[in-house]
J.: 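One structure is given below, represented as structure tokens, and several questions about it will come after.
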Amino acid sequence: MSNNKCSIIGASHAGVSLAMQLRREGWPHEIELISDEMELPYHRPPLSKDLLLGKKTLDQIRLRPEKMFEDNDISLSLGKRVKAIHKQKKKLIFTDGKESNYGKLAICVGSTVKKIPLGNQFENVFYLREATDIKKIQSALPKMKRVVIVGAGYIGLEVCAVLRQIGIEVTIVDIAKRVLERVTSSYLSQWVRKLHEDNGASFILETGVREINGKDQAESVVCTNGKALDCDAVFVGIGVNPNVELAREIGLEVDKGIIVNEICKTSENDIYAAGDCTQFYNSLYDKVINLESVQNANDQARCAAVNIAGGSQIYESLPWFWSDQYDAKIQMVGLNHEAAEIIVRGNPNVSDKNGLALFYLKNSRIVAADCVNRPKEFAAAKQLIQSKMHLAKSILEDESIDPLTFKDLTTHS
Ligand SMILES: Cc1cc2nc3c(=O)[nH]c(=O)nc-3n(C[C@H](O)[C@H](O)[C@H](O)COP(=O)(O)OP(=O)(O)OC[C@H]3O[C@@H](n4cnc5c(N)ncnc54)[C@H](O)[C@@H]3O)c2cc1C
């Protein structure tokens, strides 16, 4: 076996992008892409959207056709879990006892859902991360009439939107004061909550879950305020933890994620990392961040590939994310936590099908935007944030001005 091989642990958004980019960079050696999942790599976001809704099948959401891996001479090892890394011997040890050598290593192991210590004995308490989860959920869907969702983050809300669209009663319980509290402004939180309420969902916020009770199946959720909610299934979507164990065991620098530098390299020569499992410095926001997004997984992985192949590229990214809920395509760009002001473009009324855009300003400059059914504003916001240019608030608000012309109306100060 070649010692020049690049082994990639994890064959999802980051792993697949990294492997493909390595070939584009002219990497002449073996590439092994290793996944502990049995499935040919697939897009993860549709799991809580079109796949759950039954609009698409797994085969329609593959990241690449199988043939493309063969054509690029990428050996795809499915159903194989790396148990440990031997960094001195440059070896991977698998759970079945087998070993394999590497020359360069990329860790793209993503994250794992956080669990609650309740109801895990019941088959109708669901978490959603993988294709195997969706198979279980889909077979139970026809029996669901009333569902409790624990967690009002993106996954919980997307699952809620799907369940409401197929007529299932939904109550969402969250300890937070507002929906999407961790990721966006209270303005968008209120808008999204109203969207769900208009579609018939109920919320119990600032409240935790004390018990999940039932005989053979979960039948009720008891909240910390004592309220019992009868149900025939429970979904839990309370966030993820980056998978850092493999890296920590071999002494790589790890904090909330595996720490990578500006070229996506870990603290060890020849070991790179990309995607949800990493933590890194973002120069645009002068901040150390972890991101759970397809954009970051793909872009960071491509950058890592360039550097593994001997090139020189710095990872400078503008984070962006999207979420589909009912007819609303919500697109977010940038980090809005430190914004001092919000400019609203469009009608904030949820029933207005033209959507709206929220521009977040800090020192009169746009640092982030949330757009609902506003692809042009989203594209314009990306440009404005990256160019660090200023744009008058009156222009941002003025619906008669085409967002695609914003870039021509900017000023330096
Ligand atoms: C339901 C859902 C909806 C989402 N919706 C959106 C969205 O709308 N927009 C968006 O931007 N993002 C969304 N995300 C987040 C996005 O999917 C992740 O940010 C992205 O998948 C990260 O890619 P990754 O390759 O870093 O990690 P992952 O996709 O987590 O992949 C890591 C892979 O590594 C494998 N692995 C882990 N450890 C080992 C090991 N020891 N040996 C072998 N294999 C291993 C895992 O099984 C997994 O297949 C969503 C996520 C979920 C779960």
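From a predicted model like this one, the values you see are computed outputs, not experimental measurements. Order of listing sets the numbers, starting from 1, for every ligand and every atom in it. We count residues from 1, following the sequence as given.
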J.: Going by the order shown, which atoms of ligand 1 are within less than 4.0 Å of some heavy atom of Arg129?
T.: 28 (P), 29 (O), 30 (O), 53 (C)

J.: Going by the order shown, which atoms of ligand 1 are within less than 4.0 Å of some heavy atom of Gly275?
T.: 26 (O)

J.: Examine Lys115 relative to Tyr127 and say whether NZ or CZ is less than 6.0 Å from the centre of the six-membered ring and inside a 45° cone about the ring axis.
T.: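 That pair qualifies as a cation-pi contact.
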
J.: Scan residues 137-184 for pairs that pass ring pair (Phe, Tyr, Trp, His ring centres under 6.0 Å), counting only residues two or more places apart or in two chains.
T.: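 Sorted result for residues 137-184: Tyr154-Phe321.
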
J.: Do any nitrogen or oxygen atoms of Ala297 lie less than 3.5 angstrom from nitrogen or oxygen atoms of ligand 1?
T.: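 No, Ala297 has no N/O under 3.5 Å of an N/O on ligand 1.
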
J.: Tell me whether the NZ or CZ atom of Lys80 lies within the 45° cone about the ring axis of Phe94 and under 6.0 Å from its centre.
T.: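 Output yes; distance and angle both within limits.
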
J.: Any carboxylate oxygen within less than 4.0 angstrom of a Lys/Arg side-chain nitrogen, looking at Glu99 and Lys83?
T.: no

J.: Using a strict cut-off of less than 4.0 Å between a Lys/Arg side-chain nitrogen and an Asp/Glu carboxylate oxygen, indicate whether Lys49 and Asp324 qualify as a salt bridge.
T.: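 Salt bridge flag = no for Asp324 with Lys49.
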
J.: In terms of atom number and element, which parts of ligand 1 are under 4.0 angstrom from non-hydrogen atoms of Glu37?
T.: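 Contacts of ligand 1 toward Glu37, numbered from 1: 47 (O), 48 (C), 49 (O).
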
J.: List every atom of ligand 1 that sits less than 4.0 Å from any heavy atom of Ser293, numbering the atoms from 1 in the order shown and giving each element.
T.: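 By the 4.0 Å cutoff, the relevant atoms are 11 (O), 12 (N), 19 (O).
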
J.: Taking the inter-plane angle between the rings of Phe126 and Phe235 on a 0 to 90° scale, is it parallel (under 30°), tilted (30 to 60°) or perpendicular (over 60°)?
T.: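 Tilted: the ring planes of Phe126 and Phe235 meet at 30° to 60°.
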
J.: What protein heavy atom is closest to atom 15 (C) of ligand 1, reported as residue, atom name and distance in Å?
T.: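 Going by distance alone, atom 15 (C) of ligand 1 is nearest to Glu292 O, 4.0 Å.
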
J.: Please write down residue, atom name and distance for the protein heavy atom closest to atom 31 (O) of ligand 1.
T.: Ser12 CB, 3.0 Å

J.: Are Lys104 and Asp270 ion-paired here, with the side-chain N under 4.0 Å from a carboxylate O?
T.: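 Salt bridge between Lys104 and Asp270, a charged N being under 4.0 Å from a carboxylate O: yes.
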
J.: Rounded to the nearest 0.5 Å, how far does CG of Leu229 lie from CD1 of Ile172?
T.: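 Going from CD1 on Ile172 over to CG on Leu229, the span is 12.0 Å.
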
J.: Examine the side chains of Glu292 and Ser111 and answer whether a donor and an acceptor come within less than 3.5 Å of each other.
T.: no

J.: Considering only non-hydrogen protein atoms, determine which one is nearest to atom 47 (O) of ligand 1 and report residue, atom name and distance to 0.1 Å.
T.: Asp36 OD1, 2.5 Å

J.: Using the ring centroid of each side chain, check whether Tyr326 and His196 are separated by less than 6.0 Å.
T.: yes

J.: Identify the closest protein heavy atom to atom 25 (O) of ligand 1: which residue and atom is it, and at what distance?
T.: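 Of the protein heavy atoms, Ala14 N, 2.9 Å lies nearest.
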
J.: Find all atoms of ligand 1 within a distance of less than 4.0 Å from any non-hydrogen atom belonging to Ile9, and give their numbers and elements.
T.: 40 (C), 42 (N), 43 (C)

J.: Suppose I only count heavy atoms of Leu246 and a 4.0 Å limit; which atoms of ligand 1 are within that range?
T.: 41 (N)

J.: Tell me whether ligand 1 is touched by Lys80 - counting only heavy atoms on the residue side and a distance under 4.0 Å.
T.: yes

J.: Would you mind listing which atoms of ligand 1 come within a distance below 4.0 Å of any non-hydrogen atom of Ser111?
T.: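 Counting atoms of ligand 1 from 1, those under 4.0 Å from Ser111 are 30 (O).
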
J.: Listed by chain and number, what are the salt bridge (charged side-chain N to carboxylate O under 4.0 Å, His left out) partners of Asp198, not counting sequence neighbours?
T.: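 Partners of Asp198 by the salt bridge (charged side-chain N to carboxylate O under 4.0 Å, His left out) criterion, ordered by chain and then number, come out as Lys194.
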
J.: Atom 40 (C) of ligand 1: which protein heavy atom is closest, and how many Å away?
T.: Arg81 NH1, 3.6 Å

J.: Can you tell me if Lys49 contacts ligand 1 (heavy atom of the residue under 4.0 Å from the ligand)?
T.: yes

J.: Specify side chain, backbone, both or neither for Asn296, according to which of its non-hydrogen atoms lie closer than 4.0 Å to ligand 1.
T.: neither

J.: Would you indicate which of Asn243, Val16, Ile155 comes nearest to atom 50 (C) of ligand 1 when only heavy atoms are counted?
T.: Ile155

J.: Taking only heavy atoms of His13 into account, list the atoms of ligand 1 that are under 4.0 Å away from them.
T.: 20 (C), 21 (O), 23 (O), 25 (O)

J.: Which bit of Ala301 gets closer than 4.0 Å to ligand 1, counting heavy atoms only: side chain, backbone, both or neither?
T.: neither

J.: Would you say the side-chain atoms of Asn336 pair up with the backbone N or O of Ala339, donor to acceptor, closer than 3.5 Å?
T.: no

